[in-house]
Amino acid sequence: MISDTPRPLNIAPDASVVVVTGAGVSAESGIATFRDKGGVWEQYDLERVATPEGFAADPDLVWRFYSERREQVLRCDPNPAHRALAALERFLQARGRFLLVTQNVDGLHQRAGSREVLPIHGSLLRTRCSNDGCPTRPVDDERSYKNGAPRCPECGSWLRPDVVWFGEYLDPEMERQARLAIADCDWFLAVGTSGVVHPVAGYVEIAADMGVPRVLVNLEPPANVRAFTSFYQGKAGEVLPVLLSFAL
C-alpha cells in the first residue's frame with residue numbers, strides 16, 4: 001500500500017471515533033519497545049520477567065525489571081501524538097463519542113489529558129495481588145522495588161505489576177467494551193502498532209465489517225496494513241497533528 005499524504009481528516013464533531021495505539025506512540029517519548037536495539041528488554045529474558053511462570057520462579061528479578069521500567073516512564077513526557085489524541089477527545093466531548101484503546105502500559109495518554117482510555121494491557125503504574133482470590137484491589141503505585149518483591153498486606157501473597165503478561169488473557173470486560181465501541185464507530189484509527197499482537201491486531205477487521213474509514217499511522221507498514229483504507233507513513237508525533245489539526 002502506498003502511503004497517503006497527510007491532510008486533516010473530515011471527522012464531524014458528532015462522530016464516534018475509536019483509536020487503538022501501540023508501542024510506536026510511546027517510543028517517540030523515549031520509551032523502549034520490545035524491538036529496540038540496546039533497550040531495556042534486551043537486558044532480560046522475557047520468559048523470566050514477563051510471564052506468570054517467571055514471576056513464580058523469581059519475583060525479585062521481575063520487580064527489578066519493572067522497577068526500571070517505572071523509573072523510565074516517570075522520566076518521560078507525552079509527545080505531540082498523545083496531545084493530538086487528547087485534543088480529538090475534547091473536540092468530540094460535546095456531541096460525539098471517543099474511546100482510546102491502548103496497548104501501552106505507561107499512562108502517557110492519561111498524562112496528556114485523555115480520559116476515555118482502555119489500558120487493555122494493564123498499567124505499569126499500578127500494583128495488584130498475585131492471589132486472584134484476595135479481596136485487595138489494584139492500587140496506583142509509582143514505587144520501585146529493586147530490593148525485593150513486596151507482599152500483600154491482606155493475604156501475604158506476592159504483589160505484582162498490574163500488567164498483562166505473555167500467556168495471560170486480556171480483561172474480558174475491557175475486551176467487550178472495545179469490540180462494542182468499534183462495532184458502533186464512524187471512524188477507526190490505529191497509531192504505532194505492529195499489527196501482530198492479537199486480539200488487538202484484529203480489531204480493524206471489526207471496523208472493516210462495518211464499512212467505516214480505517215486510518216493507520218505508523219513508521220512502517222505493519223502486518224495488517226491492507227485492512228486499512230488510509231495509511232500515513234511517518235512519526236505519529238508529526239503525522240497526527242496534521243490529521244487532527246481541526247481539533248487542536
Side-chain angles (χ1 to χ4, degrees), residues 19-36 38-56 58-79 81-83 85-86 100-132 136-152 157-171 173-175 178 191-194 197 200 236:
V19 181
V20 172
T21 63
V25 178
S26 294
E28 293 181 31
S29 287
I31 296 177
T33 70
F34 283 98
R35 298 169 180 82
D36 279 342
V40 65
W41 291 104
E42 284 195 346
Q43 303 171 28
Y44 294 88
D45 177 355
L46 296 184
E47 292 292 327
R48 298 182 63 196
V49 298
T51 65
E53 295 78 13
F55 182 73
D58 194 343
D60 290 346
L61 173 66
V62 172
W63 267 112
R64 284 197 297 275
F65 170 73
Y66 280 97
S67 293
E68 289 182 18
R69 294 207 68 201
R70 281 184 174 181
E71 291 171 358
Q72 180 194 38
V73 162
L74 293 171
R75 291 194 299 267
C76 295
D77 295 312
N79 62 58
H82 295 107
R83 292 192 287 272
L85 291 173
L100 198 164
V101 182
T102 185
Q103 297 170 282
N104 301 329
V105 298
D106 49 56
L108 289 178
H109 283 300
Q110 293 90 329
R111 286 168 56 189
S114 292
R115 295 292 177 261
E116 296 298 322
V117 182
L118 277 184
I120 204 155
H121 286 174
S123 173
L124 178 64
L125 300 177
R126 288 176 67 86
T127 297
R128 69 175 177 87
C129 184
S130 60
N131 173 13
D132 291 338
T136 302
R137 299 179 63 84
V139 295
D140 294 337
D141 187 8
E142 298 181 354
R143 289 171 292 182
S144 293
Y145 298 101
K146 290 183 175 179
N147 296 324
R151 293 277 189 177
C152 174
S157 301
W158 296 115
L159 294 175
R160 56 165 283 182
D162 190 22
V163 298
V164 178
W165 284 328
F166 294 105
E168 294 184 323
Y169 293 104
L170 301 184
D171 180 278
E173 178 58 23
M174 286 193 185
E175 257 268 90
V191 187
T193 66
S194 64
V197 180
V200 179

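Starting from 1, each residue takes its place in the sequence as its number.
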Is the count of non-hydrogen atoms from other residues, nucleotides or ligands lying under 6.0 Å from R126 atom CZ greater than 12? yes
Roughly how far, to the nearest 0.5 Å, is the CG atom of N104 from the OG atom of S26? 3.5 Å
Find out whether L74 and L125 are in side-chain contact, i.e. whether some heavy atom of one side chain is under 4.5 Å from a heavy atom of the other. yes
Got L100 and E116 here, is their nearest side-chain heavy-atom distance under 4.5 Å? no
How far does CG of L61 sit from OH of Y66, to the nearest 0.5 angstrom? 10.5 Å
With rounding to the nearest 0.5 angstrom, report the CD to CG distance, E142 to L124. 10.0 Å
V163 and H121: CA distance, side-chain angles, deciding distance, side-chain contact (heavy atoms from CB on, under 4.5 Å) verdict: CA-CA 6 Å; V163 298; H121 286 174; over 6 Å; no
Are any of the side-chain nitrogens in D77 or R111 under 4.0 Å away from the carboxylate oxygens of its partner? yes
Looking only at heavy atoms, which two atoms of L118 and A178 are closest? And how far apart? CD1-N, 3.9 Å
Out of R69, R70, E71, which residue meets the side-chain hydrogen bond (donor to acceptor under 3.5 Å, both in side chains) rule with S144? E71
Which heavy-atom pair separates S130 from W158 by the least distance, and what is that distance? OG-O, 2.6 Å
Taking the side chain as C-beta and beyond, is there a heavy-atom pair between L108 and I31 under 4.5 Å? yes
Rounded at 0.5 Å granularity, tell me how far CD in Q110 sits from CZ in R115. 8.5 Å
Spacing of N131 atom CG and R160 atom CZ [to the nearest 0.5 Å]: 12.0 Å
Could you tell me whether the side chains of D162 and S123 share a donor-acceptor contact shorter than 3.5 Å? no
If you measure from CD on E28 to CG on N79, what distance do you get to the nearest 0.5 Å? 5.5 Å
Indicate the atoms forming the closest heavy-atom contact of P119 with M174, along with that distance. O-SD, 3.6 Å
Check whether the side chains of T193 and Q103 place a donor and an acceptor atom closer than 3.5 Å, and report yes or no. no
Taking the inter-plane angle between the rings of H109 and H82 on a 0 to 90° scale, is it parallel (under 30°), tilted (30 to 60°) or perpendicular (over 60°)? perpendicular
Give me the ring orientation class for W63 and Y145: parallel if the planes are under 30° apart, tilted from 30 to 60°, perpendicular past 60°. perpendicular
For the pair V62 and W165, evaluate side-chain contact (heavy atoms from CB on, under 4.5 Å) and give the outcome as yes or no after the intermediate values. CA-CA 11 Å; V62 172; W165 284 328; 3.9 Å; yes
Only one of T21, V117, V20 forms a side chain to side chain contact (heavy atoms under 4.5 Å, CB included) with V101, so which one is it? V20
Closest heavy-atom contact between D106 and V73? O-CG1, 3.3 Å
